[in-house]
Amino acid sequence: MNFFRRAPLTAVLIGTGILFTAAAFVGRRNGFYNEYEINELERPFFAQVFQGLHDKVYPWGETKSAAQEEAEALLASGDTASTESPEQVTTASSEAATEAASEEPKVDLNLPASSTNAVVQAVDYGNSDSNYVAPAGTVWQRDTDPGSIFATNGTYYPLQQVDDSYFKDAIFIGDSRTEGLYVYSSMRNGITTFDAKDSVTIYGIYDTALDFYGVDGTTGSKTAMEALQEKQYRKVYFSVGVNELGMPTQDYFDHYKEFIQVIRKLQPDAIIYVEGIMHVTGSYARSNSVYNNTNIVGRNEALSTLANGRDIFYIDMNSAVCDADGNLPEDISYDGVHLKASAYETWHQFLLQNAAVRSAEDWQPAAQETSEEGSTQSQEASTADTAAAAASSVSGTEAAQTAQSTETPQQSTQETAQ
Amino acid sequence: MNNIVILSSIQFIFRFLPVCLLAYVLTPAKYRNMPLFLESVVFYAVGEPVFVLLLLGLTLVNYLTGEVLYLDGGRTRSRGGVAATMIAIDAAVLALCKVLALRVDSSLLPIGLSFYIFKMISYQADLYCRRIRNRPTFLSTAAYFMLFPQVTQGPIMRYGVGFDHGEIHTSPDQFEEGLFYVAMGLGMKILLADRLGILWNEIHKIGYESISTPLAWLGAYGYSLQLYFDFWGYSLIASGVLVMMGFPFVENFIHPYAAGSISDFYRRWHATLGAWFRDYIYFPLGGSRKGNGRTVFNLLVVWLVTGLWHGGTLNFVIWGMVLGLVIVLEKFVVKRALPVVGRFNVLVLIPLTWVVFAISNLHDLGIYFGRLFPFFGIGKTLDPTDIQRYSTMFWPYFLAGGVLCIPQVFGFLVKHRKNFFVVLLLAAVFWYAVYYMVNSSGNTFMYFNF
């Protein structure tokens with residue numbers, strides 16, 4: 001007690017330190033802290049408790065958020081519904097396509113080149129940490145399961161040029177780079193909807209409330225699922241990945257794929273754009289064993305197999321910003337990872353060149369409207385012509401009939417009346 | 001394991017420090033320089049496995065020279081020559097390494113060189129002026145130069161503070177007081193400085209030419225607070241550890257933002273450095289005792305050297321000279337208006353000088369000032385709402401930081417540090433800082449490459 005009075009802070013810190021250590025033992029015994037590495041040489045045993053707190057894992061259990069459970073329920077339901085679709089045909093056609101596209105060394109895209117972007121490559125500086133990149137020789141392939149939303153069915157739409165009206169019914173979901181696109185390009189002010197936030201990852205996508213900027217000017221804070229549940233969009237753009245470079249590629253890919261399936265469940269008619277992760281600068285890549293382009297390109301290769309060229313597309317904006325080495329140019333990024341504000345417009349322009357249009361419902365070009373009017377005019381003209389022709393033929397017949405049936409004026413009147 | 005050189009790391013606080021404290025406390029008081037020396041060698045060797053030899057070599061040479069100075073009873077000219085030569089050699093080593101680091105390879109500047117060279121120079125000068133009364137031993141000298149909490153970035157303690165009085169005693173009261181300062185320092189560095197550092201990072205990311213003027217100003221103040229709490233926090237941890245070991249508390253920051261003029265500010269900011277320059281450059285040059293002209297010259301010399309010490313690039317020289325000039329103006333021109341102008345200088349000019357300090361590329365510096373003072377058509381605000389976004393994100397840190405700038409707040413916490421609520425607050429701050437230390441890589445201390 002005297003010690004407590006003389007040195008209260010010391011006593012409290014020692015006491016709480018003991019409590020944390022006990023909590024660590026409990027959590028370890030229950031198995032919840034198993035993924036946290038113990039290194040008694042570097043860290044006290046109770047460090048796990050703090051790592052757990054960060055990931056919302058406690059000595060007595062893990063709290064799975066309501067949103068995550070909802071997502072899982074969503075995915076579990078209605079698996080059988082998709083088998084009725086023409087996807088049963090896909091097994092045959094995708095097999096045929098697989099044989100044709102076998103020259104691709106690492107990715108098995110087997111899509112027409114116009115219906116997808118190729119994964120932009122980058123120079124490998126040989127400094128990657130093997131814990132996070134996919135093992136050498138990994139070949140990523142599309143899901144060929146007939147019921148899968150990722151399977152192809154022979155229908156492909158090319159990526160083409162559009163204008164800003166295309167984005168009116170689109171939503172952009174992503175991390176700080178997407179938020180930068182909103183803040184710094186001309187895509188703000190009523191062109192489209194954004195739901196994005198700094199540092200969000202595919203692991204937190206269900207629970208993280210993102211900054212929402214609606215096309216009608218409303219703002220708010222919504223998780224991705226909330227945004228997708230409250231309104232049907234025609235296009236959903238998704239871009240995350242740079243913050244997860246410190247997690248294994250396969251793990252990242254599995255989580256990403258699951259989220260795309262959730263998006264499809266919530267937005268059955270939307271085109272989903274899987275956006276390739278933007279590269280980093282050469283100087284950043286050279287000095288970092290985790291945050292480098294080799295790791296990024298590996299993930300993009302995996303992500304590109306999620307595309308089916310019909311309603312899920314892979315687009316890679318690196319072709320618009322990177323140099324010949326596949327690096328982000330040093331002069332458009334200050335920190336090596338994010339674009340300088342003035343460079344975001346390039347991404348916007350890229351999006352305008354790489355859009356899929358399945359029908360007039362997705363987008364109608366403004367130019368065609370004037371030609372439509374023209375054609376309606378010419379249609380009207382031709383209708384008039386045909387009407388005139390019809391009229392003349394009618395009048396001809398009329399004349400003929402009048403000539404014929406002067407004895408029966410009622411008939412001709414009847415006919416004219418028609 | 002090489003994280004132990006960073007005082008705000010888990011490895012230092014929970015591994016290296018407890019072992020050191022145990023060894024130190026278990027050693028009888030009169031032999032305590034030995035464990036101090038050994039611990040400091042290990043500490044430095046982990047950070048600089050090669051340059052530790054340079055440090056040991058310099059320690060030996062300075063010790064032997066010191067012996068000569070101490071033992072030579074007279075006031076012979078050669079004694080002065082010996083001192084001057086040793087000091088010149090020490091200074092030359094510092095200058096050489098700095099130049100090499102700038103021109104050849106930045107790894108050629110060992111961690112803490114500036115700090116221990118300054119200790120060595122002060123040791124020679126103090127011995128020459130007979131300010132050190134008891135004959136130093138090799139262990140006391142080596143422990144002084146290499147003292148592990150201070151070796152990487154100070155405070156620049158004098159030999160007489162703790163090494164000239166015989167045995168150092170420890171007690172639970174000392175330990176408690178030291179722990180208080182360590183907890184405060186950790187909180188300031190991790191919970192304030194590192195969080196505010198994100199703002200400066202964000203502004204850098206956006207690109208200086210694209211930020212709005214309000215954001216540019218917010219950034220300048222954010223950086224100023226970040227630098228303050230990073231350095232003050234680090235000094236508190238260093239001084240706190242030494243208090244735990246029975247040394248007197250070395251104050252390095254004396255509420256600088258409460259200063260009434262820039263001259264006053266720099267007596268309070270990095271106080272041990274300012275005192276070093278005053279005692280070992282300004283006073284030997286004559287200080288203010290040789291007429292106004294000479295005083296101006298002395299001040300400008302001190303500030304030129306201060307700028308160069310901080311960094312060899314041109315922005316640091318500009319920084320030093322600007323401050324020197326303002327101090328000269330305050331001393332000789334402002335005079336009567338000093339209370340008002342002085343406060344303005346501290347609260348507006350100082351943050352602007354930190355921007356000069358922060359941006360080494362002169363072109364980028366020009367752009368930043370072009371955004372601070374948007375009258376020259378430099379840059380263009382790309383997002384007019386950026387100030388709202390960032391103020392919303394960072395206002396709690398600005399508020400907490402601003403409050404802690406008030407001397408009475410910190411003074412209150414010190415005075416009532418055994419109060420139940422203060423203890424709970426500090427324990428909470430400590431564990432919250434540990435949370436961040438465990439989960440993030442964090443900012444290394446900003447003065448590291450000096």
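Chain naming here is simple, since letters A, B, ... match the order of the sequence lines and numbering starts at 1 in each. Reckoned from all heavy atoms, side chains included, excluding hydrogens, waters and symmetry mates.
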- Message: For B:Trp431 and A:Phe50, take the angle between the two ring planes, folded into 0 to 90°, and tell me which bin it lands in: parallel under 30, tilted 30 to 60, perpendicular over 60.
- Response: parallel

Decide yes or no for [X] and [Y]: does some side-chain heavy atom of the first lie under 4.5 Å from some side-chain heavy atom of the second?
X: B:Leu382; Y: A:Tyr344; answer: no
X: B:Arg15; Y: A:Arg43; answer: no
X: B:Thr385; Y: A:Arg188; answer: yes

Pick from [options] with the largest number of heavy-atom pairs that fall under 4.5 Å of chain A:
options: B:Ile206, B:Ile10, B:Asn201; answer: B:Ile206
options: B:Val434, B:Val423, B:Ile13; answer: B:Val423
options: B:Asp173, B:Val422, B:Ile211; answer: B:Asp173
options: B:Ala183, B:Ala427, B:Ser9, B:Ser171; answer: B:Ala427

Given a strict heavy-atom distance threshold of 4.5 Å, which part of [X] is in contact with chain A: side chain, backbone, both, or neither?
X: B:Tyr208; result: both
X: B:Phe180; result: both
X: B:Phe430; result: side chain
X: B:Glu209; result: side chain
X: B:Gln174; result: neither

Search all heavy atoms of [X] against all heavy atoms of [Y] and return the closest pair with its distance.
X: B:Asp383; Y: A:Val183; result: OD2-CG1, 2.7 Å
X: A:Ala47; Y: B:Val438; result: O-CG1, 3.6 Å
X: A:Ser342; Y: B:Ser210; result: N-OG, 4.1 Å

- Region of A:Asn39 in contact with chain B, defined by heavy-atom distances below 4.5 Å: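 When you check distances to chain B, no heavy atom of A:Asn39 falls under 4.5 Å.
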
- What part of A:Glu40 gets closer than 4.5 Å to chain B, counting heavy atoms only: side chain, backbone, both or neither?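 For A:Glu40, heavy atoms of backbone and side chain both lie under 4.5 Å from chain B.
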
- Between atom CD of B:Glu202 and atom NE2 of A:His338, what is the distance when rounded to the nearest 0.5 Å? 7.0 Å

- Quick one: pull up CG in B:Leu179 and CG in A:Leu9 and give me the separation to the nearest 0.5 Å.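 One gets 4.5 Å once the value is rounded to the nearest 0.5 Å.
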
- Does B:Arg389 pair with A:Asp211 as a salt bridge, N-O distance under 4.0 Å?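 Result for this pair is no, no salt bridge flagged.
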
- Task: Just grab all the ring-ring contact (aromatic ring centres under 6.0 Å, His included) pairs involving residues 190-210 of chain A, residues at least two apart or on different chains.
- Result: A:Phe172-A:Phe194, A:Tyr182-A:Phe194, A:Tyr203-A:His255, A:Tyr206-A:Phe259

- Task: Tell me, please, which residues at least two apart from B:Asp105 pass side chain to side chain contact (heavy atoms under 4.5 Å, CB included).
- Result: B:Ser107, B:Leu108

- Message: Strictly distance-based, threshold 3.5 Å: is any side-chain N or O of B:Lys418 a donor or acceptor partner for the main-chain N or O of A:Arg6?
- Response: yes

